[in-house]
Amino acid sequence: MSETETTGASYAAAGVDIEAGDRAVELMKEWVKKTQRPEVLGGLGGFAGLFDASALKRYERPLLASATDGVGTKVDIARQMGVYDTIGHDLVAMVMDDIVVCGAEPLFMTDYICVGKVHPERVAAIVKGIAEGCVLAGCALVGGETAEHPGLLGPDDFDVAGAGTGVVEADRLLGADRIRAGDVVIAMASSGLHSNGYSLVRHVLFDRAGMRLEQRVEEFGRTLGEELLEPTRIYSLDCLALTRTTEVHAFSHITGGGLAANLARVIPDGLHAAVDRSTWTPGAVFDLVGTAGRVERLELEKTLNMGVGMMAVVPADSVDVALTTLADRGVDAWVAGEITERGEHPTGATLTGDYAA
C-alpha cells in the first residue's frame, strides 16, 4: 500500500484548507469595516450579521425589500485577467440596484464566494470590491461565506453571489400603479456591458472573432479585457437622490432581457412606454459585439443594455429637476421616451427609430 493509503484521511488532503480560509477572513476584515453603518452590531466572524431594526421605528409602515443575484460568466473574464477587485462592484450593483427600483434604501448585504481553492489574497480582493461597492450603494456588508469546492471547481475557478435588504415607507413605494399617460422616461447611461449577456459576448468575441483579452482595441482606448471588466455602475444613491428632489413614479434596472423587457415590468396594463433609440448612441462595445458576431439588432437589444443601465419614469413637470439632479451627481441622463395609452401595442414597452450615429 502507498503511504497515502496507510495514513488517515484529512480535510486538507481532500482539498479543503481551513487555515487558508481563516487567513482570507483576516485579510478582508479591514475592507468590510469600511462599509459599516451605525445600525450594524458586532464584527465579521459571527454566525450571523446583526442589524439593529429599531432604526426602522422612524418609518410609519416600513416595507423590507430583498433581492439576490450573481454576476454570471463575467467572473471568467476576471479569472483570465487575474483581476479580482472589481467583480464585487458588479455584484453589489446587480443586487442593490434591483432593490432601489421600488424606492427602497439599501441597508445591508451578505455575499457568497465559491472557489476551487482558497487563495487568501484573491478572496480578500473579491471582498474588497464588494465592500467598495457597498460604500457606493450606501449599505453595510454584514457577513458572508467562502466555500471551497475542490473537485467540482478548478483551483483558479470561482463564482460570487449575494443577497441584500432595503427598506421603503409603504406610501412611498414606487411602481406601476403610480405611472400615468403623459409621464416621461429618463434614461441613465450604463458604464458598459454591466454584468449581463457575457455568454453571448464571450462566444462572439472569443470563439467566433478569435479576439484576445490582451488585444488593444482602438475604439475603446484600452485592451479588450479592460473593457469587458469595466465595473457595473451602481445607481442606488443616484436614484434615492431623485426621490428626494422630485417626484418619481418608477425605476427600471436594465439587466438580463434588455431595455424593453425590463421597462415593461413596471408599465401597468393599458399603458405603453415608447423609447426612442435616436436619443442616444450605444457605446463601441455594443457595436463590436453586433458586428463581430453578425448579431441582429433585436437579439442584441434583448440581451445587452445597449448603453442604458437604469431608467426613471417621472411626471413631465419633474423632468428638468430630475436631469439637473443626475447631472450634478455625474450621471449622464436624457429624455428617452414617453408613456402613452396602450392602444394596439402588444407589449408594455417598445423601442422605435434608429440609434444616433
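The figures here come from the full heavy-atom set of this structure, side chains too, leaving out hydrogens, waters and symmetry mates. FYI, the numbering just counts along the sequence from 1.
Using a 4.5 Å heavy-atom threshold, the side chains of L300 and E296 count as separate. Inter-residue side-chain proximity for L56 and L64 is flagged as met; some heavy-atom pair is nearer than 4.5 Å. At least one side-chain heavy atom of K128 sits under 4.5 Å from a side-chain heavy atom of D85. Looking at heavy atoms from C-beta onward, L173 lies in side-chain contact with L63 at the 4.5 angstrom threshold. T68 places none of its side-chain heavy atoms less than 4.5 Å from the side chain of V95. Within the 4.5 Å cutoff, the side chain of T110 has no heavy atoms near those of the L141 side chain. Contact of the V308 side chain with the W334 side chain is registered, since non-hydrogen atoms from C-beta on lie closer than 4.5 Å. Looking at heavy atoms from C-beta onward, V100 lies out of side-chain contact with Y235 at the 4.5 angstrom threshold.
Between P62 and V167, the shortest heavy-atom contact is CB-CG2, 3.8 Å. Nearest heavy-atom pair, A67 versus D98, reported as atom, atom and distance to 0.1 Å: CB-CB, 4.1 Å. The two residues C102 and A65 have their closest heavy-atom pair at SG-CB, 3.9 Å. Minimum interatomic distance between I77 and G225 (heavy atoms only, all atoms of both residues): CG2-O, 4.4 Å. Across all their heavy atoms, A349 and A260 have their closest contact at CB-O, 3.5 Å.
N305 contributes a side-chain N or O that, together with a main-chain N or O of G192, makes up a donor-acceptor pair within less than 3.5 Å. Between the E226 side chain and the T223 main chain, a donor and an acceptor come within less than 3.5 Å of each other. No side-chain donor-acceptor contact under 3.5 Å links E301 to the backbone of L298. At distances below 3.5 Å, not a single donor-acceptor pair connects side-chain atoms of D76 with backbone N or O atoms of T73. Although no hydrogens or angles enter the test, the distance criterion places no donor-acceptor pair under 3.5 Å between the side chain of H345 and the main chain of A274. Of the possible polar contacts, none joining the T291 side chain to the L288 backbone as a donor-acceptor pair under 3.5 Å is found. Remark: the backbone N or O of G353 is paired with a side-chain donor or acceptor of R277 at under 3.5 angstrom. Here the side chain of E169 pairs a donor or acceptor atom with the backbone of E60 at under 3.5 angstrom. In this structure a side-chain-to-backbone donor-acceptor pair under 3.5 Å is present from E148 to V118. At distances below 3.5 Å, not a single donor-acceptor pair connects side-chain atoms of T146 with backbone N or O atoms of I113.
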Derivation and outcome, salt bridge (charged side-chain N to carboxylate O under 4.0 Å, His left out), residues E218 and R216: CA-CA 6 Å; E218 291 305 318; R216 182 174 176 81; 3.5 Å; yes

Steps toward side chain to side chain contact (heavy atoms under 4.5 Å, CB included) verdict (I87, I126): CA-CA 7 Å; I87 204 76; I126 295 171; 4.2 Å; yes

Intermediate values then yes/no, salt bridge (charged side-chain N to carboxylate O under 4.0 Å, His left out), K117 and D156: CA-CA 7 Å; K117 178 178 175 57; D156 293 325; over 6 Å; no

T232 and S195: CA distance, side-chain angles, deciding distance, side chain to side chain donor-acceptor pair (under 3.5 Å) verdict: CA-CA 7 Å; T232 303; S195 294; 3.0 Å; yes

Stepwise side chain to side chain donor-acceptor pair (under 3.5 Å) check, E247 with H249: CA-CA 7 Å; E247 184 177 356; H249 288 166; 2.8 Å; yes

Side chain to side chain contact (heavy atoms under 4.5 Å, CB included) assessment of L193 paired with Y198: CA-CA 8 Å; L193 293 171; Y198 271 74; 3.6 Å; yes

Trace of the side chain to side chain contact (heavy atoms under 4.5 Å, CB included) decision for L240 with E105: CA-CA 7 Å; L240 291 178; E105 174 193 356; 4.2 Å; yes

Pair M188-C239, side chain to side chain contact (heavy atoms under 4.5 Å, CB included): steps then yes or no: CA-CA 10 Å; M188 303 178 216; C239 290; 4.3 Å; yes

Salt bridge (charged side-chain N to carboxylate O under 4.0 Å, His left out) evaluation trace for D90 with R233: CA-CA 8 Å; D90 300 286; R233 177 151 201 160; over 6 Å; no

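Between the side chains of N262 and S252, no donor-acceptor pair is found at a separation under 3.5 Å. Side-chain contact of T245 with T325: a donor-acceptor pair under 3.5 Å is present, judged by distance alone.
Between W280 and Y355, the ring-plane angle classifies as perpendicular under the 30° and 60° cut-offs.
No more than 12 heavy atoms of other residues, nucleotides or ligands sit less than 6.0 Å from atom CG of D269. Open room surrounds CG on D320; 12 or fewer heavy atoms of other groups in view lie less than 6.0 Å from it. More than 12 heavy atoms of other residues, nucleotides or ligands shown are found within 6.0 angstrom of CZ on R58. Summarising the local packing, CZ of R172 is surrounded by 12 or fewer heavy atoms from other residues, nucleotides or ligands at distances under 6.0 Å.
One hydrophobic cluster, built from ILVMFWY side chains closer than 4.5 Å, holds both L263 and M306. In the hydrophobic cluster analysis, where Ile, Leu, Val, Met, Phe, Trp and Tyr join through side-chain heavy atoms closer than 4.5 angstrom, I267 is grouped together with M311. M94 and L228 are assigned to two separate hydrophobic clusters, defined by single-linkage of ILVMFWY side chains at heavy-atom distances under 4.5 Å. At a threshold of 4.5 Å between side-chain heavy atoms, the hydrophobic network of Ile, Leu, Val, Met, Phe, Trp and Tyr places V331 and I234 in two separate groups. Residues V335 and V275 are members of separate hydrophobic clusters, defined by side-chain heavy-atom contacts under 4.5 angstrom among Ile, Leu, Val, Met, Phe, Trp and Tyr.
Residues F158 and Y84 place their aromatic rings such that the two centres sit under 6.0 Å apart.
Expressed to the nearest 0.5 Å, how far CG of L237 lies from CG of L136 amounts to 8.0 Å. The distance from atom CD1 of I339 to atom CG of L271, rounded to the nearest 0.5 Å, is 7.0 Å. Note that CE of M310 and CG of L259 are 12.0 Å apart. Values are rounded to the nearest 0.5 Å. Atom CD1 of I130 is separated from atom CG of L91 by 5.0 Å, given to the nearest 0.5 angstrom. To the nearest 0.5 Å, atom NZ of residue K57 and atom CG of residue D52 are 8.5 Å apart.
Test H194, R222, H89 against E230 for side chain to side chain donor-acceptor pair (under 3.5 Å) and you get one pass: R222. With V101 as reference, H253 is the one residue of R265, M96, H253 to meet the side chain to side chain contact (heavy atoms under 4.5 Å, CB included) rule.
Ion pairing between D207 and R202 fails under the 4.0 Å rule for side-chain N and carboxylate O.
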